[in-house]
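A short write-up of the structure that comes next.
The shown structure was predicted, so the numbers you read here are calculated from the model rather than taken from an experiment. Just so you know, ligand 1 is whichever comes first in the structure, and atom 1 is the first atom listed for that ligand. Any value given below was found using the heavy atoms of this structure, including those in side chains, with hydrogens, waters and symmetry copies removed.
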Amino acid sequence: MSDDLDALRGETADALAAAADLRAWDAVRVGTIGKSGRLTGLLKGLGAVPAEQRKERGAALNRLKAELEAAIEARRVALEAAALEARLASERMDVSLPPRPHPPGGAGEGGIHPISRTIEELTAIFGAMGFRVAEGPDIESDWLNFSALNIPDHHPARQDHDTFYLPAGADGRRPVLRTHTSPVQARTMLGQEPPIRVIVPGRTWRADHDATHSPMFHQVEGLVIDRGITLGHLKGCLIDFLRAFFGIGDLPVRFRASYFPFTEPSMEVDIGWNRKTGELGKGGDWLEILGSGMVHPRVLANCGIDAREWQGFAFGMGIERITMLKHGMPDLRPFYESDLRWLRHYAADPLAPPSLTEGV
Ligand code: PHE
């Protein structure tokens, strides 16, 4: 008499086991305990069962119903778990894969401008030597741009700088667009006690315009003030910097006597290159790359530093110039033209900042 129930139990179990996904599972569920499912049909037929068998039959049907509902639910849980497993397996990511280039196809949109990139590189290299970054304003007093740096009125160096002057202030003196980053030497010495170790990247201005000069350009100044600082420190520091920046471990570096009003002695620094091919590091020719020297005692005195106790060195170089040399750029003007083709070619990846261990 319960043969039909045993058959339903067995067939439902088989159908559930065969249901490979939730769609097939749902068909089994509907066909069994849905509105017109087989079990539902048997329950509905209970009324037609003779009264003396009805109680027993009803109890058996209810047990079967509970059993089948539990089996159907268990199969759903198993199928959902299997689906999740499959998805996790197919979407697994390999965190050891190298990153894709960003942005795709180059570093144009969102890329780092080569001037900014060079400043990041300078900061990384000098930062590792214990320098911090100092800044100053573009509009300077005549005193800080010139006089404090031992360039008095009527000094010929004032003419060399092709200075942009602004209208005179209350003191009758004309402020200038700073012609070099050197006034930040004075600002730093006036603003803090030695020892000092700063670099000063920033905009500078001179009335000059051709393929290698722009009225606005960038320099980086360096200043070290401490006890017992010698020319040897200057040379070691700059040789290390130039070799790290250009990525040439044996780059030839030459120090040549020169003149700046604010350093004594003063030296131009040249690096070895091949004039014909533009290749750096070999070829037997020399290229002037920056100015440097021991800070003049009069500059120290102007900035309130006792030259008997403290010595130092300073240097200044053009950021466009070293960037052009490093990347073989022939012309300076595109730096400021925002031509996307040029930017895509030269911009740096924002997600790959300079790293000393990998070379800047
Ligand atoms: N200020 C100098 C220039 O603009 C560079 C320089 C800086 C030289 C510091 C010596 C020391 O040419």
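With sequence neighbours excluded, the residues satisfying side-chain contact (heavy atoms from CB on, under 4.5 Å) with Thr230 are His233. For Arg9, the side chain to side chain donor-acceptor pair (under 3.5 Å) partners two or more places apart in sequence, or in a different chain, are Asp6, Glu67.
Between Pro334 and Tyr346, every side-chain heavy-atom pair lies at or beyond the 4.5 Å cut-off.
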Any protein N or O within less than 3.5 Å of an N or O in ligand 1? List each pair with its distance, or say none.
from, atom 1, to, atom 2, distance (Å)
ligand 1, 1 (N), His180, ND1, 3.0
ligand 1, 1 (N), Ser182, OG, 2.9
ligand 1, 4 (O), Arg206, NH2, 3.0
ligand 1, 4 (O), Gln219, NE2, 3.0

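Using modelled atom types, no side-chain atom of His113 and backbone atom of Ser338 make a donor-acceptor pair closer than 3.5 Å.
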List the atom pairs, with distances to 0.1 Å, where a side-chain N or O of residues 281-299 and a protein N or O form a donor-acceptor pair under 3.5 Å, not counting sequence neighbours.
from, atom 1, to, atom 2, distance (Å)
Asp285, OD2, Arg275, N, 2.8
Ser292, OG, Met267, O, 3.0
His296, ND1, Arg298, N, 2.9
Arg298, NH1, Asn150, OD1, 3.1

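Counting non-hydrogen atoms of neighbouring residues, nucleotides and ligands closer than 6.0 angstrom, the CD atom of Glu358 reaches no more than 12 such neighbours.
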